[in-house]
Amino acid sequence: MKLTDKRFWIFEAFTILFAVVLMFLALIILDKSLTMEVVLIIVGLSCITSAITWPIADGKQWFVFGLIYEALFIILLFASLIIDGLIRGLMDWIGFTLCFAFVFTIAIICLIPSMVLAFVGYHLFNKNITNKE
């Protein structure tokens, strides 16, 4: 992965759009409001996840690409929630269980949109492979 690769930056932009659209869908479905901090954390986690997924999943099938993206996103989200709970002193066995249930629910809801993102990312990789030959 090179930082001068335009396909990487297009994928990062698509990831930001993906995260924002997912949050707006969650707002509509849950009928709740989100603070700007939550929006920035989710968008930041999505960007970090896509930057890690891009070199790991290079040349793999789009479904594997989506699974890697989804797993990394869930791991980063779970870790950030656990660390935040530990810093605030709110993490006990019940808090850990609730955090796990919350993240598991998000993982199930985000699986299909992550596969859509992976499909687009895979086609960006395909262009990369065909351009090299």
Side-chain angles (χ1 to χ4, degrees):
M1 174 188 78
K2 294 180 182 177
L3 292 179
T4 58
D5 190 1
K6 291 180 185 176
R7 288 177 298 279
F8 171 72
W9 292 110
I10 291 170
F11 182 66
E12 282 290 325
F14 187 73
T15 302
I16 292 171
L17 180 67
F18 164 77
V20 170
V21 168
L22 263 175
M23 284 185 292
F24 281 127
L25 285 174
L27 289 174
I28 292 169
I29 292 170
L30 300 175
D31 197 27
K32 304 268 183 185
S33 63
L34 292 175
T35 61
M36 186 54 86
E37 291 85 14
V38 173
V39 172
L40 290 175
I41 287 171
I42 298 298
V43 169
L45 282 175
S46 295
C47 288
I48 291 169
T49 303
S50 64
I52 294 170
T53 304
W54 185 268
I56 291 174
D58 188 16
K60 294 186 173 51
Q61 186 186 22
W62 69 270
F63 188 75
V64 174
F65 182 81
L67 290 178
I68 291 171
Y69 178 85
E70 180 77 12
L72 286 172
F73 181 77
I74 294 304
I75 289 169
L76 288 175
L77 180 64
F78 187 69
S80 64
L81 290 174
I82 293 294
I83 291 169
D84 183 54
L86 290 173
I87 289 172
R88 295 177 189 228
L90 302 172
M91 195 55 61
D92 56 359
W93 181 251
I94 295 172
F96 179 79
T97 307
L98 289 173
C99 181
F100 182 78
F102 175 71
V103 171
F104 185 72
T105 305
I106 290 175
I108 291 171
I109 293 170
C110 291
L111 185 63
I112 292 174
S114 292
M115 291 302 137
V116 171
L117 179 69
F119 187 75
V120 171
Y122 175 75
H123 287 292
L124 290 174
F125 283 134
N126 251 357
K127 289 181 183 176
N128 188 19
I129 292 169
T130 55
N131 286 343
K132 286 182 180 177
E133 294 178 11

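Keep in mind that this is a model prediction, so the values were computed, not measured.
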Should [X] and [Y] be counted in the same cluster of Ile, Leu, Val, Met, Phe, Trp and Tyr side chains packed under 4.5 Å apart?
X      : Y      : answer
Leu111 : Phe119 : yes
Ile83  : Leu77  : no
Tyr69  : Ile75  : no
Phe73  : Phe100 : yes
Val20  : Leu40  : yes

Taking every non-hydrogen atom, the tightest pair across Ala51 and Glu12: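 The pair with the smallest heavy-atom distance is N-OE2, 3.2 Å.
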
Flag side-chain contact, heavy atom, 4.5 Å: Phe102 against Phe78: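 Phe102 vs Phe78: side chains apart.
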
How long is the gap from [atom1] on [X] to [atom2] on [Y], to the nearest 0.5 Å?
X     : Y     : atom1 : atom2 : answer
Ile52 : Leu72 : CD1   : CG    : 5.5 Å
Thr49 : Ile68 : OG1   : CD1   : 12.0 Å
Thr53 : Leu67 : OG1   : CG    : 11.0 Å
Glu37 : Ile42 : CD    : CD1   : 12.5 Å
Leu81 : Leu76 : CG    : CG    : 11.0 Å

Crowding at CD1, Ile108 (>12 non-hydrogen neighbours, <6.0 Å): yes

